[in-house]
Amino acid sequence: MTKGLPATGDQRRSQLLRGVLDLCLLSLIAERPRYGFEFVAALADNGLDLVSEGSIYPLLTRLEREGLISSYRAPSASGGAPRKYYRLTEAGSAELTSGRAIWHAFSGRVGRILTATEPTGGSAL
């Protein structure tokens, strides 16, 4: 799923990302149709540089099989082989809207717990 994970922090980030990567891809596609490598670059540009290209394609295949995205081929701007672009379907748009609401509610609750609790000074057993 991800590039090499030398640090514990990267492992935690990878686990967190694994649960929302599909929503991130849907959101990027909602912005504009994209092809495979563009997802990796866009995620990295947004600080999610743990995702490898090899983990994107199986997820795109699953999203397409579920009818959340569709694909088409278009010529490469650089004149190379045609690229496979992905676009959002109506079902994908509805899934993204629902997923965003769930994510905002969930992340808000987790954020409250992580910021509202402080160590009591006692040691854990």
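When reading the values below, keep in mind they use all heavy atoms of this one structure, side chains included, and skip hydrogens, waters and symmetry mates. For clarity, every value in this text was computed on a predicted model and none was experimentally measured.
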Please name all residues satisfying side-chain contact (heavy atoms from CB on, under 4.5 Å) with T61, sequence neighbours left out, ordered by chain then number.
-> R65
Excluding sequence neighbours, so at least two apart, what forms side-chain contact (heavy atoms from CB on, under 4.5 Å) with S107?
-> W103
Does one hydrophobic cluster hold both V40 and L16, with members joined at side-chain heavy-atom distances below 4.5 Å?
-> no
Closest approach of C24 to L48 (non-hydrogen atoms, all atoms of both residues) | SG-CD1, 4.3 Å
Answer yes or no: are there more than 12 heavy-atom neighbours, outside F106 itself, under 6.0 Å from its atom CZ?
-> no
Using the test side-chain contact (heavy atoms from CB on, under 4.5 Å), find all partners of E64 that sit at least two apart in sequence or belong to another chain.
-> I69, S71, K84, Y86
Can you name the side-chain hydrogen bond (donor to acceptor under 3.5 Å, both in side chains) partners of T115, sequence neighbours left out?
-> none
With sequence neighbours left out, what residues match R32 under side-chain hydrogen bond (donor to acceptor under 3.5 Å, both in side chains)?
-> E38
Table please: side-chain donor-acceptor pairs of residues 73-81 below 3.5 Å, with sequence neighbours left out.
unit_1: S76; atom_1: OG; unit_2: S78; atom_2: N; d: 3.2
unit_1: S76; atom_1: OG; unit_2: S78; atom_2: OG; d: 2.8

For the student: nearest non-hydrogen atoms of S70 and T89, plus distance = N-CG2, 3.8 Å
side-chain contact (heavy atoms from CB on, under 4.5 Å) with R109: which residues, sequence neighbours excluded?
-> A105, R112
Cluster overlap Y57 with V51, hydrophobic side-chain contacts below 4.5 Å = yes
Would you call L88 and L68 a side-chain contact if the rule is heavy atoms closer than 4.5 Å?
-> no
Residues forming a side-chain hydrogen bond (donor to acceptor under 3.5 Å, both in side chains) with Y72, sequence neighbours excluded = none
Tell me, please, which residues at least two apart from E31 pass side-chain hydrogen bond (donor to acceptor under 3.5 Å, both in side chains).
-> R34
Ring pair (Phe, Tyr, Trp, His ring centres under 6.0 Å) pairs, two or more places apart, involving residues 8-49 = Y35-Y85
L96 to A30 - nearest heavy-atom pair and separation = CD2-CB, 3.7 Å
In short, D22 meets G19 closest at the heavy-atom pair OD1-O, 4.0 Å
Does the side chain of L28 come within less than 4.5 Å of L43's, by heavy atoms?
-> yes
Tell me whether L114 is reachable from V20 by hopping between hydrophobic residues (I, L, V, M, F, W, Y) whose side-chain heavy atoms are closer than 4.5 Å.
-> yes
Pairs in or reaching into residues 90-101: which pass side chain to side chain donor-acceptor pair (under 3.5 Å), with residues at least two apart or in two chains?
-> S27-R100
CZ of R18 to CG of L59, rounded to nearest 0.5 Å, is 11.5 Å
